[in-house]
Amino acid sequence: MMKQDAYGMTGALSISESSPLRKVDPRTKLALCLAASLAVMLPLQKVAVFFVLYFMFLAWARLLPGALRQIWKLKWILAVLFVVDWLVVSPELAVVVTLRLVIVAGVFAMFFSTTTPSELCLALVWMRVPYRYAFSLGLSFQAVGHINSEWRKILEAQKARGAFSAPSGWRYPVEQVKNLVSLTVPAVVLAAKRAWSMTEAAYARGFESPNRRPYKALLMSRADWFIVSGAAFIFILILSWRLP
Amino acid sequence: MDQKKRIAAAVVIIAALAGAILAVESFRRGGTLYRTFIPGGFSSACVPVFMDAAEIGRFCEADSAKLKKFGFTDKAERKIQQGWFLRDVILLYADEKNLSPETRVTVASESRNKKADLTWRDVAERKNMIILGMSKQGRLKLVSIMKGLDYREQWVQEVDRIEVAR
Amino acid sequence: MAVIQVNDLTYAYPQGRSVGPCSFTVEKGEFLHVTGSSGCGKSTIARCISGLIPHIYHGKMTGEVLINGRSTLSTRMWELSELAGFVFQNPSMQMLGNTVEEEIIIGLENLGLDRAEISGRLEESLGRFGLDSLRGRDPQTLSGGEQQKLALAAITSRRPPVLVLDEPLSMLDVSAATELTRYLSLLSRSGTTVIAFEHRADYLSSLPGVRVMALDSAASVKFSRRRASASCPDCKCGAKPLVISNICVNAGKTRILENMSLTVQSGSVTAIVGRNGTGKTTLLRAITGLQPFEGSVTVNGKKPDFGLVCQNADLQIFNAAVRSEILYRVNNPDMKLYARLLEILGLGRYENTPPLILSEGEKKRLALATVLIRKPEHGVLLDEPSLGQDAAHKHTLMELCAEIASTGKTVILTTHDLHLASMADRIVVLGPDGVTASGRTEDILADDSIWARAGMFVPGWITEDERKGITA
Amino acid sequence: MKEKYFSTFQLFLLAFFAALIVVAKIALHLPLQLSGHSGIFWMAIIIVSSRVVPKPGAASLVGLTSGIMAAFLGLGDLGALNTLLSYSMAGVGADLALILLRDPENYFCAALAGVFGHMAKFMVKWIFGMIAGAPAGFVALGLAKALAGYILFGALGGFLGALTLRALRRAGFFTYLMEKK
């Protein structure tokens, strides 16, 4: 049985309130994540150094458990790749590929697990994304919960009237396709109705007014500048480090 | 363009894309694209060449650039084996006048505890395709299609010395 | 001075239907209650006044609407929104924010106010509507009544001189509707011009100083209470009662139904009433087997076969025409029954119409037809069948229920509309601790202590006659 | 007032379609152990959105939005960036294909657009694998099989999209939309 709320469904979007990154400006975090994902390109020794720093940072940001969970999800892929790389190519490659994948898998979690969708919207507006686009992104997050419960209701309603035959395997493709259409059509219709009433509601509150002044604003604090300059310094150091 | 032509075009594009993915992948499997990812590369694996127990040179990446590459398709795995003729490598350091057909050439891998004993006659014959190829790890390997040296098991991987004995 | 002037307003939908012409004026500070049957154009006129028509609708509007002397045609939408606030029918569909606070702030930001002013108005609104303790909550987790209050708070914090409401009460239970009515009356007294388009006449008409305007004559259809199943007035003829014993339903960690037991006689129409969130819908879902539960639900010792008509008809409509919708996946349909259903449900002229363009009320009746054509063995369950239906339609609906019941089947419906419930044979009142009372309609309606225990009350406009169950 | 490229209604509609994709991805587990099977619903919704909002870029926007959401919800196992890019590319691929194919209500066109979108998503995963330096044939160590799966389910998804669109048209959905700007 599915749960109703969007975030409970995956257990993944739990904003870590205790993380010090929670208070950091989303732009800072975005910059950090982008830089870190580029670190994947570094050669072995540098990746290894970066890897250690990265995990120290995660531990400081109290995101280590989440990151480890993400890596645990990847365990089979990592294990298979490691063995294959070792046997086919070399142990060095096995190590470097594993490190890269572990970094890639977790790096944006730094951003996504410490930023709320509305903060993301603020950051998007700052990046010159038009307010209407940022706003509709916010709405889509809000919609996950409804759509999920609507989806369940559609399935029930169709079953209740006998329009949805119980799964009889894929032996009856025509019936199965009809089943699917009996779900997708109401889902699309309901999404459109919701979108329309949201549009009306938005216009009733002066949406697209040129006078709009945001209530919340992004603010780069001293901590933000410290993190950004620290990260930049470490990056320059790693890049300029000459391998023996 | 009518609908049918557009659909046909789309099918062709999809086929081309799928083909391209598979081709690139098999090319990668062949190993050529692969070296870009290898840390270290060739330079860490210069192979010394000895003439009668005296070192006459070291075959390094810089030297390989002077030589032309050749290759063949390995019959067991249908993979392309590419590299430099062992003959050309030896001639980089040794004068051909000093080599007779009966001169013995040994290509050895101490780390793998393997070696191949050849004569200059075999080595000099281009049809035998006695080649020093590059493995995925950036190490040299001796490959060939000459009878007696045409199976993977007979090839010498991770070559770390080449000896010429008159 | 007239704040709103509507002159020869007509609106033609792109599909061809049209509304109007109509003309009226509303004075400053007035409270106007516009009534009319469903489909008579209440929502359309409300949208014309607020400017949504013609700004975001493609249909053709003629005539003019002036707000404070400014024409809605030539004034931009965002400016109009500052002149006339609009509150919609379904509160959960108009929530834009992630939290209660954000919901209110969104509208204030668009006014171009500075931060201090926004905070001031936010606090004032939260306080006035008693939403202080909910400020961090996700609006979607609020009850219907709370959501409608929030919608009102979000609009009124913008301080528009005119407030337009489209069916603001239809989704609310008795106590929430009463509370909202109180707020509207307060607003009106503080100088806001209020226009409410609402077919539930009872609440608003009882307010002092409200002008009522009927858009058509259908609105004057009076309820006449009719004994639902005249053939068995005491409901003893039910040979196969539905027996619900000790059922428990959990959703996650919260228990929705606890040890509930109930026997429902066949051959009767039973209304289940209760405040929002007492588990009415869950109970119906459990009876059909859609909701896993502990305990047992049986008819004659066996698992029952009931058809369920959901609250939202859009959930199950997907076919090309009313005919194919009703007959979808029915083996050997009874065409006599089909013809009869079309007739009583008033769908005959729509046989080949795509269902999605029917009105909400018509869609609901269509959904009922799709269930009835299957002839569920033990009866039908209707979840909030009165939503979006006007008095006349509710009346037909109850007649149909009575007819089904007279064949010995069980009809159970949930509702927060006590008018509708008063037309059933029996009422089951659900309170916070399960079944508060169940019995004959007149007995239940007459006993105020039952309603008090369920946290409800029978509003004054339920007449003594209705309480006593005297047939009109 | 200057006409905006996407009206507000269209933007909201696309946002909800994106949410629909994310929900379908989470809620639907078909009894299939084949790579890319979730693409059935995925591509169906993208195809539907490209018709309901008949402008180039609609599918891309749905892809991008669902990508951002999926990244937030922690879907996909190769990390947020990969998720973001692969979801986005599914939309871009379908969009590009529809510039050529035009009519998403035609079964063939829709199926091909579905294949395009789904292949674009596959290619992101593949390129990611290459950049990370995984050995050849790494994608589930059965690249050809995986690719065939993506193509098949992309086509099925496109087909389901066209079916849904036709059903929507017959049920009067486009008449309903006609009135809304």
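A, B, ... follow the sequence lines: proteins, then strands. Residue 1 opens every chain. Since the model is a prediction, treat every value here as computed from it, not as a measurement.
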Quick one: closest heavy-atom pair of [X] and [Y], and the distance?
| X | Y | result |
| --- | --- | --- |
| C:H58 | D:M178 | CD2-O, 3.2 Å |
| D:R170 | C:P354 | O-CB, 3.4 Å |
| C:N319 | D:A171 | O-CB, 3.1 Å |

Q: Evaluate whether atom CZ of D:F108 has more than 12 neighbouring non-hydrogen atoms of other residues, nucleotides or ligands under 6.0 angstrom away.
A: no
Q: Answer yes or no: does atom NZ of C:K60 have more than 12 heavy-atom neighbours from other residues, nucleotides or ligands under 6.0 Å?
A: no
(Q) What part of C:F318 gets within 4.5 angstrom of chain D, counting heavy atoms only: side chain, backbone, both, or neither? (A)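 The backbone, not the side chain.
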Q. Hey, what do you get for CG (D:L168) to CG (C:L356), rounding to the nearest 0.5 Å?
A. 7.5 Å
**Q.** Spacing of OH belonging to D:Y176 relative to OH belonging to C:Y13, to within rounding of 0.5 Å
**A.** 12.0 Å
